[in-house]
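Below is one structure; the comments refer to it alone.
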2 protein chains.
Amino acid sequence: MKDLLEERDAWSMANCSIARTLEIVGNRTALLIMREAFFGTRRFDDFAKRVGISEPAAAARLKELTAAGLLERVPYQEPGQRTRYAYQLTQKGRDFRTVIVALRQWGDAWATDEQGPPVVVRHEHCGAPVHAVLRCDDGHDVPIGDSFVDAGPGLIRVSPDSP
Amino acid sequence: MKDLLEERDAWSMANCSIARTLEIVGNRTALLIMREAFFGTRRFDDFAKRVGISEPAAAARLKELTAAGLLERVPYQEPGQRTRYAYQLTQKGRDFRTVIVALRQWGDAWATDEQGPPVVVRHEHCGAPVHAVLRCDDGHDVPIGDSFVDAGPGLIRVSPDSP
DNA sequence: CAGCTGACTTACGATTACATAAGTCAGCTG
DNA sequence: CAGCTGACTTATGTAATCGTAAGTCAGCTG
């Protein structure tokens with residue numbers, strides 16, 4: 001294991017990917033709206049009702065997620081109805097699926113009651129439950145403890161005393 | 001693809017694993033503290049400084065994460081120093097690693113600048129970058145779109161008009 | 001035993017995130 | 001063209017979250 005702690009204080013986290021991600025989805029309701037989007041919810045009222053939040057809260061989150069490019073407003077028209085707008089996952093939003101699966105998986109394992117989880121994600125072709133796992137680019141599974149943190153191309157080093 | 005939208009309004013999300021998870025880590029700073037814990041940070045002041053939050057905020061989050069069982073306070077003593085307490089990941093906390101990796105991975109892909117990500121997680125044995133991927137229990141990789149949501153053992157169905 | 005240090009807590013104000021209630025607005029229906 | 005409906009917005013109040021500044025407290029050091 002490389003000794004990363006030694007050098008940790010010299011890292012600037014100004015461009016941390018996690019921090020940037022959390023500026024978009026770093027609150028409870030935004031993540032629950034993403035959950036609903038993966039369930040297939042598309043319409044404004046359904047988001048508010050199914051997530052269990054007020055309409056102003058739903059409007060604010062949907063606006064933020066749309067501005068951030070995870071959702072897009074697309075027009076649709078039901079027969080005999082006027083044109084309305086639905087909130088649909090973009091590629092950027094669909095790619096967030098791993099986070100949602102990982103969150104549910106942790107909750108299933110550590111925060112569920114006796115009855116077990118309410119929903120299960122299954123593989124379309126074989127029906128087996130789907131899990132998020134860690135794997136390296138060489139194809140090895142990576143159990144807990146078998147990884148280390150390395151400097152990336154965007155790492156900014158600062159003197160220990162500067163902000 | 002099963003038509004889950006039809007039935008969605010009959011689901012109660014009272015015991016949703018994601019919602020329960022987000023009651024613990026559903027704010028920005030709690031997730032950033034978990035990031036730091038995976039970097040190897042253990043001490044109070046280091047959490048506050050490296051996450052970039054105030055001491056009261058760090059104290060509140062660390063207390064919540066400890067109460068929830070993701071971290072534990074363990075005594076330690078440096079030579080010539082008095083006994084102090086460090087915040088260490090528990091098994092419950094270590095199991096959260098998949099979420100942190102998934103969040104960083106999404107940020108690396110969608111919220112990074114030209115310089116690239118600041119840090120990279122690598123496999124201890126081969127050095128290759130580690131990713132979070134979705135896989136089913138039969139061992140198949142599950143690309144986006146090749147999964148569906150099924151009822152789990154804990155699913156509670158309610159009449160459409162009840163709260 | 002006075003001073004220092006790490007690990008917090010307390011006090012207070014600002015900001016953000018929510019809920020409730022009500023209003024708006026477009027456009028199809030009757 | 002009045003009414004209805006889905007999709008919002010506005011107004012207002014509360015609770016949670018955060019920062020700044022200051023204080024506490026235990027126990028090693030000199």
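Below, chains carry the letters A, B, ... as their sequence lines are ordered, and counting in each starts from 1. No experiment lies behind these values; they were computed from the predicted model shown.
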Looking at the side chain of B:S54, which of D:dC8, C:dA19, D:dT20 is the nearest nucleotide?
D:dT20
Could you tell me the separation between the CG atom of B:L70 and the CG atom of B:L89, rounded to the nearest 0.5 Å?
8.0 Å
Comparing B:E55 with B:R61, nearest DNA chain D nucleotide closer to 5' gives the residue B:R61
Return the value, rounded to whole Å, for the distance between atom CZ of B:F44 and atom C1' of D:dT24.
13 Å
Mind calculating the distance between CD (B:E23) and C1' (D:dA15) to the nearest angstrom?
16 Å
Any strand counts, and the cut-off is 3.5 Å on both contacts for Watson-Crick or G-U wobble. Which nucleotide pairs with C:dC12?
D:dG19
For D:dG30, the Watson-Crick or wobble counterpart (both distances under 3.5 Å)
C:dC1
Do you know the tightest heavy-atom contact between B:P117 and B:T112?
N-OG1, 3.7 Å
Without decimals, in angstroms, what is the distance between B:N27 CG and D:dT17 P?
6 Å
Taking any heavy-atom pair under 4.0 Å as a contact, classify A:G26: base, sugar-phosphate, or nothing.
nothing
Options D:dA7, D:dT10, D:dT20, nucleotide nearest the side-chain atoms of A:Y76
D:dA7
Complement of C:dA7, any strand, by Watson-Crick or G-U distances under 3.5 angstrom:
D:dT24
B:D46 and B:T41 side chains, donor-acceptor separation under 3.5 Å
no
Short side-chain N/O contact to D:dA15 OP1/OP2 from A:R28, under 4.0 Å:
no
Donor-acceptor check, side chain of B:T90 to backbone of B:G69, threshold 3.5 angstrom: yes or no?
yes
Looking at CZ of B:R122 and CG of A:D137, how far apart are the two atoms once the value is rounded to the nearest 0.5 Å?
9.0 Å
The side chain of B:P56 lies closest to which of these nucleotides: D:dA7, C:dA19, C:dT10?
C:dT10
Heavy-atom nearest nucleotide on DNA chain C for B:D45 versus A:T29: which residue maps closer to 5'?
B:D45
Does a side-chain N or O of B:K63 approach OP1 or OP2 of C:dC8 to a distance below 4.0 Å, or not?
no
Base, sugar-phosphate or nothing for A:R43? Non-hydrogen atoms, less than 4.0 Å.
sugar-phosphate
In whole angstroms, the gap separating C1' of D:dC18 from CG of B:L32 amounts to 13 Å
Under 4.0 Å between any heavy atoms, over every strand shown, what does B:Y87 touch: base, sugar-phosphate, or nothing? Just pick one.
sugar-phosphate
